[in-house]
Amino acid sequence: MMRPIVTWLLAVAICGIASVASAGPATDAVKAANTSVSTLLKKKAKAATVTEAVRGFLDLDLLGQRALVDHWGTLSPAQKSEYLALLRELIEASYLQGVKKNLQFEVVYDGEAPGEGGTVRVSTTVKTTRKGRPAAVPIAYVLSNASGTYKAFDVVTDGVG
């Protein structure tokens, strides 16, 4: 379940920026993250540098906590730390694997809307070619505004976050 999400997130990060509709501060954050990662990739930056840019946009700790929402409170601090470290490692490894493929996509920013609990959902469509045929894949980022900075804690594709 995590691999498809990470793969599409990577695809979006690799691609160039396209049109923006109903833009707002959360859309600007997604666009800035995509631009930053795309620029680093074009410069053939080291994997660690690209990973650090992704860490600046993805709130992996919140993602991990929400993934284990029913069990988070039962974990010891050591278990939480180990789980988050492994999750980060998994996502970063998948990210780097996706980067090596150097996929070409176009991202259309479809808009943003308020979500539950003060979150914002930024909808995008990734246009690409699959097996020689045009394809459009909807991807939504769910962001929180922690300390005045929008960070994604969920990426939804095919209705799965």
- prompt: Do Lys127 and Val108 have side-chain heavy atoms sitting under 4.5 Å apart?
  reply: yes
query: If every non-hydrogen atom of Ala26 is compared with every non-hydrogen atom of Val120, which pair is closest and at what distance?
result: CB-CG1, 3.4 Å
message: Are the side chains of Thr157 and Pro138 in contact, using a 4.5 Å heavy-atom criterion?
response: no
field: Side-chain heavy-atom pair Val156, Arg121 within 4.5 angstrom cut-off
entry: yes
query: What pair of heavy atoms forms the shortest contact from Ala33 to Phe57, and how long is it?
result: CB-CG, 3.4 Å
- prompt: Can you name the residues that form a side chain to side chain contact (heavy atoms under 4.5 Å, CB included) with Pro25, not counting sequence neighbours?
  reply: Glu112, Tyr150
- prompt: OG1/Thr149 to CG/Leu143 distance, rounded to the nearest 0.5 angstrom?
  reply: 11.0 Å
message: Whether the side chain of Thr35 engages the backbone of Lys31 through a donor-acceptor N/O pair (distance < 3.5 Å, no angle test) should be reported.
response: yes
query: Can you name the nearest heavy-atom pair linking Ser144 to Leu62, along with the distance?
result: OG-CD2, 3.9 Å
- line: Rounded to the nearest 0.5 Å, the NE2 atom of His71 sits from the CD atom of Gln65 at a distance of 14.5 Å
query: Among pairs that include at least one residue of residues 58-87, which meet salt bridge (charged side-chain N to carboxylate O under 4.0 Å, His left out), considering only residues two or more places apart or in two chains?
result: Asp61-Arg88
- line: Test side chain to side chain contact (heavy atoms under 4.5 Å, CB included), reference Leu63, set Val142, Asp154, Val155, Leu87, output is Leu87
- request: Determine the minimum heavy-atom distance between Tyr83 and Ala67, stating which atoms define it.
  value: OH-CB, 3.6 Å
statement: To the nearest 0.5 Å, atom CG of Leu68 lies from atom CD of Gln79 at 10.5 Å
Exercise: do Tyr109 and Asn34 side chains pair donor with acceptor under 3.5 Å: yes
query: Are Trp72 and Leu60 joined in one hydrophobic group, where the rule is that I, L, V, M, F, W and Y side chains link up if heavy atoms are under 4.5 Å apart?
result: yes
